[in-house]
Amino acid sequence: MCPFGAGDPQAAFDALIDTLEAKPLKIAPAKGAAPGGELDGAMALEATRALAGDQNTWPLLTSALLAAQDGNGAPLYTLWSSVTVSPFPVPTAMFEAHTAVRCADWQTPVGIAAHKAAAAKAVSEAKRIGTRAAYSALNCARWPAPNKDRVTEPLTGAGTPPSLVVAGRLDPVTPHHWAENMTRTLDSAVLLTRDGVGHGSYGTNSCVDSAVDAALIHGTHPADGTVCETDAPATTRPLVPANR
């Protein structure tokens, strides 16, 4: 059971976000560290969104949520300052390269009305997190370098050796059904599934590592539909007792 929320973490989280939006927590500046500020609901939601996608960060996130619930927003504020607009907490995601690739690959509407409609749909389908992603593609609406030769037809990989498609079962960035569709679209491919939470499988799971290495070095693949179990069970147990 998640220590946050006393048995109902969803309700506790929604209440915390509402509380922080109504009255942000003041963060005092730390000696020799970043200046202080305040933690509002949007910042708490962003930090949680980024860290919830990696089970290795769950204990840290749990401790920060418990602290914020008790009026200490510093831990969650620190986590928020460490994550970015990327669906996963990597510092390079804020750089121009991330936006350039995204805007070149996506077919983004130019009109603001289309973005407003997409935002309304996002919020209706994901009431808790939809607001965060509602206008995430807006910066591509006026992207000045269109990709004139963007591939729009299905990529079948015709004539290439068999492909190994690797996907996480609970990936908050690239859903598993995307990998299933990709495997069906490719002329020759097998699907390897990693059980567990998080984005990215190679380097995080020994079973996946062995399969990918074998594919790259020897050209051998596991049977289609093979599942790699999680190396370590996920836990939300805080790393240190919260200040309760």
Side-chain angles (χ1 to χ4, degrees), residues 1-96 98-99 102 112 115-116 118-120 122-139 170 172-173 197-199 234-244:
M1 179 183 294
C2 180
F4 173 73
D8 192 353
Q10 293 188 53
F13 181 76
D14 291 342
L16 177 61
I17 297 300
D18 289 343
T19 299
L20 291 174
E21 275 295 274
K23 187 178 181 181
L25 289 173
K26 300 296 182 182
I27 310 298
K31 185 178 180 180
E38 63 178 26
L39 175 75
D40 61 22
M43 296 159 70
L45 183 65
E46 175 66 1
T48 303
R49 176 207 60 80
L51 296 170
D54 183 352
Q55 68 180 47
N56 295 311
T57 64
W58 287 0
L60 191 63
L61 176 59
T62 302
S63 298
L65 289 172
L66 287 168
Q69 198 175 45
D70 281 346
N72 176 12
L76 198 54
Y77 180 85
T78 300
L79 294 177
W80 167 80
S81 65
S82 301
V83 299
T84 71
V85 295
S86 169
F88 33 93
V90 292
T92 55
M94 284 294 284
F95 296 162
E96 289 85 350
H98 182 269
T99 300
R102 180 183 186 185
I112 298 301
H115 287 273
K116 288 183 176 180
V123 174
S124 67
E125 294 186 0
K127 297 185 183 304
R128 181 171 291 112
I129 201 73
T131 53
R132 186 266 165 196
Y135 291 95
S136 61
L138 187 59
N139 61 341
L170 298 174
V173 182
V197 177
H199 179 63
T235 179
T236 56
R237 186 180 299 279
L239 297 174
V240 295
N243 181 24
R244 297 184 65 80

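Positions are given from 1, in the same order as the sequence printed here.
- To the nearest 0.5 angstrom, Tyr77 atom OH is 10.0 Å from Asp40 atom CG.
- Note that NZ of Lys23 is 15.5 Å distant from CG of Asp18, once rounded to the nearest 0.5 Å.
- In this structure, the side chains of Leu76 and Leu79 come closer than 4.5 Å at one or more pairs of heavy atoms.
- Counting all heavy atoms, side chain and backbone alike, Leu61 lies closest to Ala52 at CD2-N, 4.0 Å.
- Summarising the geometry of Leu25 relative to Gly71, their closest heavy-atom pair is CD2-O, 3.7 Å, with the distance given to 0.1 Å.
- Under 3.5 Å, the side chains of Asp54 and Asn56 contain a donor-acceptor pair of N or O atoms.
- Two residues are said to be in side-chain contact when any heavy atoms from C-beta on lie closer than 4.5 Å; Lys116 and Tyr135 meet this criterion.
- Residue Leu65 holds its CG atom at 9.0 Å from CG of Leu51, rounded to the nearest 0.5 Å.
- With hydrogens and angles ignored, the 3.5 Å screen pairs no side-chain donor or acceptor of Asp70 with any backbone N or O of Asn72.
- Nearest heavy-atom pair across Ile17 and Gly41 is CD1-O, 3.6 Å.
- Here the CG atom belonging to Leu20 is positioned 10.5 Å from the CG atom belonging to Leu45, to the nearest 0.5 angstrom.
- Considering all non-hydrogen atoms of both residues, Thr236 and Pro3 come closest at OG1-CD, 3.2 Å.
- For Leu66 against Phe4, the heavy-atom pair with the smallest separation is CD2-CA, 3.9 Å.
- Looking at every heavy atom in both residues, Ser124 comes nearest to Lys127 through O-NZ, 3.8 Å.
- Note that CE of Met43 and CD1 of Ile27 are 7.5 Å apart. Values are rounded to the nearest 0.5 Å.
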